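For the numbers below, each heavy atom of this structure counts, side chains included, while hydrogens, waters and symmetry mates do not. All values reported here derive from a predicted model rather than from experimental measurement. Indexing begins at 1, ligand by ligand and atom by atom, following the structure's order. Index from 1, following the sequence.
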Amino acid sequence: MVEMRRPIPVAEAVRLVMEHAAPLGTEMVDLEQAYGRVLAEPIIAKHDVPPFDRSPYDGFAIRSLDSEGASGENRVPFSVIGEIGAGYVGDKPIGEKEAYRIMTGAQIPENADAVVMLEQTVETDGGFTLRKPFEAGENISYKGEDAREGELLIEAGSLIHPGTVALLATFGYAEVKVAKRPVAGILSTGTELLDVADELEPGKIRNSNGPMIRAQLKRMGIDYKSYGMAVDDLDACTSIVEKAIAETDLLITTGGVSVGDYDYLPAIYERLGAKVLFNKVAMRPGSVTTVAVLGNKYLFGLSGNPSACFTGFELFTRPAILAMMGGTAPYMPRMTAKLGEDFTKPNPFTRFIRATWTFTEGRIEAVPAGFNKSNAVSSIARGNCLIVLPSGTRGYAEGDEVDILLVGSEQGISEWTL
Ligand SMILES: Nc1nc2c(c(=O)[nH]1)N[C@H]1C(S)=C(S)[C@@H](COP(=O)(O)OP(=O)(O)OC[C@H]3O[C@@H](n4cnc5c(N)ncnc54)[C@H](O)[C@@H]3O)O[C@H]1N2
Ligand code: MOO
Ligand SMILES: [Mg+2]
């Protein structure tokens with residue numbers, strides 16, 4: 001008797017996976033290594049930014065009161081008592097109708113309260129004239145206008161992107177406390193698999209899932225150990241899985257999770273005593289995606305079919321990894337798009353269609369990326385998003401509004417909303 005599996009809704013599967021995502025602790029890393037990591041502590045301003053009043057322009061620092069009454073007919077003359085380039089400070093106070101020549105980023109000298117842009121002046125011998133009055137505070141970039149000492153700027157759990165790196169550098173974080181990242185293991189199962197460099201042979205295909213998953217992990221900055229390819233043999237596969245799970249935080253296998261005679265992953269989970277969270281999801285592709293846990297480790301049994309494998313990774317493995325590394329926005333961003341062509345198949349299960357989004361005629365349009373069965377590899381190569389068609393819906397027509405999930409986005413969202 002073939003085992004009958006009970007499909008669970010995608011949202012339920014996501015919830016079950018995420019329930020088991022335990023953070024792995026924290027570590028210090030050099031700022032240069034911090035990009036792509038998750039902050040384990042909030043960034044609180046250590047000092048005001050900018051730390052001193054400074055000039056936002058190349059020009060002259062003046063006392064505004066000296067410019068009173070200036071006009072085209074009554075140009076007010078100033079004499080220049082020195083120059084302050086960025087990085088320097090003026091050493092004498094400004095007297096009546098005196099000014100410092102000052103450059104962008106330089107500290108405003110004592111008792112100056114306005115800056116006149118070079119373009120607003122006419123140079124004279126030893127000074128300049130100007131034709132309009134300036135108000136106190138005009139053209140001053142104030143101490144603390146960007147951030148105040150003690151202010152909470154970025155929450156713990158945020159992804160460190162290039163802007164975050166700039167902020168950390170501003171406050172002198174040579175090292176930053178980040179969440180530890182899991183190390184993933186990857187094993188491709190299937191007697192039919194050849195290595196990338198091998199010539200095709202009858203009945204065989206090249207292993208594309210292994211390299212694809214490694215690239216999906218690389219895109220996330222996750223280290224991995226590759227356990228290569230295993231033939232469909234229960235004992236051999238069991239020992240590789242055992243070794244891999246001992247050496248990594250999560251193991252991603254591809255293939256061998258369905259109900260075929262040589263689909264050994266279900267038997268391996270049983271042998272190891274792993275708890276299967278689900279082995280059937282009401283989705284296409286990837287309905288056979290299986291996730292099990294053993295202690296605090298995950299076993300992601302992704303389908304052998306390339307589109308199903310890709311989708312299973314993005315829907316389940318990726319957010320679990322992000323949550324393990326402390327991320328608080330682990331899900332793919334969702335947008336609405338205009339469907340770019342008819343999609344007439346009914347959707348008994350929620351369908352994730354590999355698609356390409358473009359900005360067309362003033363809005364986002366998503367077009368299915370060609371041959372779209374679970375075994376498709378070409379559409380994963382062409383796609384940059386997944387169109388989501390909910391279960392129980394019938395065909396969709398060109399122009400209909402659909403949800404899309406953006407693949408490969410650095411920025412995530414904090415809730416699964418489908
Ligand atoms: N009687 C049933 N048969 C199948 C069912 C079912 O419910 N009842 N489910 C189908 C669905 S849906 C899928 S998806 C596949 C899943 O199969 P497995 O995950 O067990 O994967 P395999 O059988 O090992 O391989 C499936 C397919 O993918 C190719 N493959 C495998 N590994 C790779 C790789 N590393 N790179 C490229 N391609 C790979 C493999 O050659 C097969 O063609 O089961 C259906 N059957
Ligand atoms: O598990 Mo499937 O639904 O054809 O990819
Ligand atoms: Mg199979």
Side-chain angles (χ1 to χ4, degrees), residues 1-10 13 184-198 200-217 224 226-234 236-237 240-241 244 251-269 276 278-292 299-317 345-354 371-381 383 386 388-391:
M1 251 288 271
V2 175
E3 173 203 353
M4 293 306 286
R5 297 184 181 181
R6 189 182 67 86
I8 62 167
V10 181
I186 308 159
L187 172 67
S188 307
T189 73
T191 305
E192 74 278 31
L193 300 180
L194 296 169
D195 210 351
V196 209
D198 294 339
L200 284 183
E201 291 171 31
K204 309 259 182 183
I205 57 164
R206 294 193 187 92
N207 171 19
S208 60
N209 289 339
M212 174 182 74
I213 298 284
R214 293 197 285 276
Q216 284 172 295
L217 290 165
Y224 54 78
S226 187
Y227 295 90
M229 301 181 292
V231 295
D232 295 314
D233 175 280
L234 180 57
C237 275
I240 302 173
V241 168
L251 175 63
I252 302 165
T253 57
T254 69
V257 279
S258 185
V259 294
D261 294 346
Y262 305 101
D263 288 336
Y264 287 129
L265 265 302
I268 295 172
Y269 300 141
V276 173
F278 53 84
N279 60 12
K280 188 99 182 168
V281 187
M283 65 189 244
R284 272 274 132 79
S287 60
V288 298
T289 308
T290 301
V291 181
L299 294 140
F300 288 96
L302 303 184
S303 164
N305 272 326
S307 282
C309 184
F310 177 86
T311 309
F313 180 95
E314 296 296 332
L315 290 184
F316 304 116
T317 314
K345 283 191 210 165
N347 307 295
F349 283 177
T350 301
R351 198 183 286 280
F352 295 91
I353 303 163
R354 277 74 59 215
F371 180 69
N372 229 287
K373 286 193 181 155
S374 157
N375 57 0
V377 67
S378 57
S379 54
I380 349 173
L386 299 169
V388 188
L389 302 183
S391 66

Using modelled atom types only, decide if a donor and an acceptor are shared between the side chain of R5 and the backbone of F278 within a distance under 3.5 Å.
no
Closest to atom 16 (C) of ligand 1 (judged by heavy-atom distance), picking from G312, S303, G260, G203
S303
Indicate yes or no for a side-chain donor-acceptor contact from R284 to the backbone of F349 under 3.5 Å, with no hydrogens or angles considered.
no
Interfacing atoms of ligand 1 (cut-off 4.0 Å, heavy-atom, T254)
35 (N)
Nearest non-hydrogen protein atom, atom 36 (N) of ligand 1:
S208 N, 3.1 Å
Whether S188 side chain and M229 backbone form a donor-acceptor pair below 3.5 Å
no
Compare P211, G190, G286, S258 and give the one whose heavy atom is closest to atom 44 (O) of ligand 1.
S258
For atom 24 (O) of ligand 1, which candidate among G256, G304, G210 provides the closest heavy atom?
G256
List, ordered by chain and residue number, the protein residues whose closest non-hydrogen atom lies under 4.0 Å from any atom of ligand 2.
M283, R284, P285, G286, S287, V288, A308, S374
One pair to check against side chain to side chain contact (heavy atoms under 4.5 Å, CB included): L194 and L200. What are the steps and the verdict?
CA-CA 8 Å; L194 296 169; L200 284 183; 4.2 Å; yes
Which residue owns the protein heavy atom closest to atom 23 (O) of ligand 1, what's the atom, and how far is it?
D263 OD1, 3.5 Å
Check against side chain to side chain contact (heavy atoms under 4.5 Å, CB included), V281 and L315:
CA-CA 11 Å; V281 187; L315 290 184; over 6 Å; no
Atoms of ligand 1, numbered as shown, that sit under 4.0 Å from any heavy atom of L193:
32 (N), 33 (C), 34 (C), 35 (N)
With a cut-off of 4.0 Å, which atoms of ligand 1 are near a heavy atom of K280?
7 (O)
Enumerate the atoms of ligand 1 whose separation from the nearest heavy atom of I205 is less than 4.0 angstrom.
37 (C), 38 (N), 39 (C), 41 (O)
Side chain of T189, backbone of T254: donor and acceptor closer than 3.5 Å?
yes
Listed as residue and atom, the protein N/O/S atoms under 2.8 Å from the Mg ion (ligand 3) are D263 OD1, D263 OD2
Ligand 1 and A308, any nitrogen or oxygen pair closer than 3.5 angstrom?
no
First locate atom CG of L386, then atom CD1 of I353, and finally report the distance between them rounded to the nearest 0.5 Å.
9.5 Å
Kindly say whether R354 contributes a backbone atom to a donor-acceptor pair with the side chain of N372 at under 3.5 angstrom?
yes
Going by the atom numbers of ligand 1, which of them fall below 4.0 Å from some non-hydrogen atom of S374?
14 (S)
Against heavy atoms of V257, which atoms of ligand 1 measure under 4.0 Å?
18 (P), 19 (O), 20 (O)
Taking 4.0 angstrom as the limit and counting only heavy atoms of N207, give me the atoms of ligand 1 inside it, by number and element.
34 (C), 35 (N), 36 (N)
Do V291 and L299 come close enough that some side-chain heavy atom pair is under 4.5 Å?
no
Any L265 side-chain heavy atom under 4.5 Å of T290 side chain
no
Given K204, E192, R5, which one has a non-hydrogen atom that is nearest to atom 40 (C) of ligand 1?
E192
Can you find an N or O of V259 that's nearer than 3.5 Å to an N or O of ligand 1?
no
Distance in Å, K345 NZ paired with K373 NZ, rounded so as to fall on 0.5 Å steps
6.5 Å
Tell me, with the steps shown, if V257 and D263 meet side chain to side chain contact (heavy atoms under 4.5 Å, CB included).
CA-CA 5 Å; V257 279; D263 288 336; over 6 Å; no
Short N/O distance, under 3.5 Å, between N305 and ligand 1?
yes
To the closest 0.5 Å, what do you measure between CZ (F310) and CD1 (I380)?
6.5 Å
Ligand 1 and V288, any nitrogen or oxygen pair closer than 3.5 angstrom?
no
If you measure every N or O of N209 against every N or O of ligand 1, does any of those distances drop under 3.5 Å?
yes
If you count the atoms of ligand 1 from 1 in the order shown, which ones are under 4.0 Å from a heavy atom of S287?
12 (S)
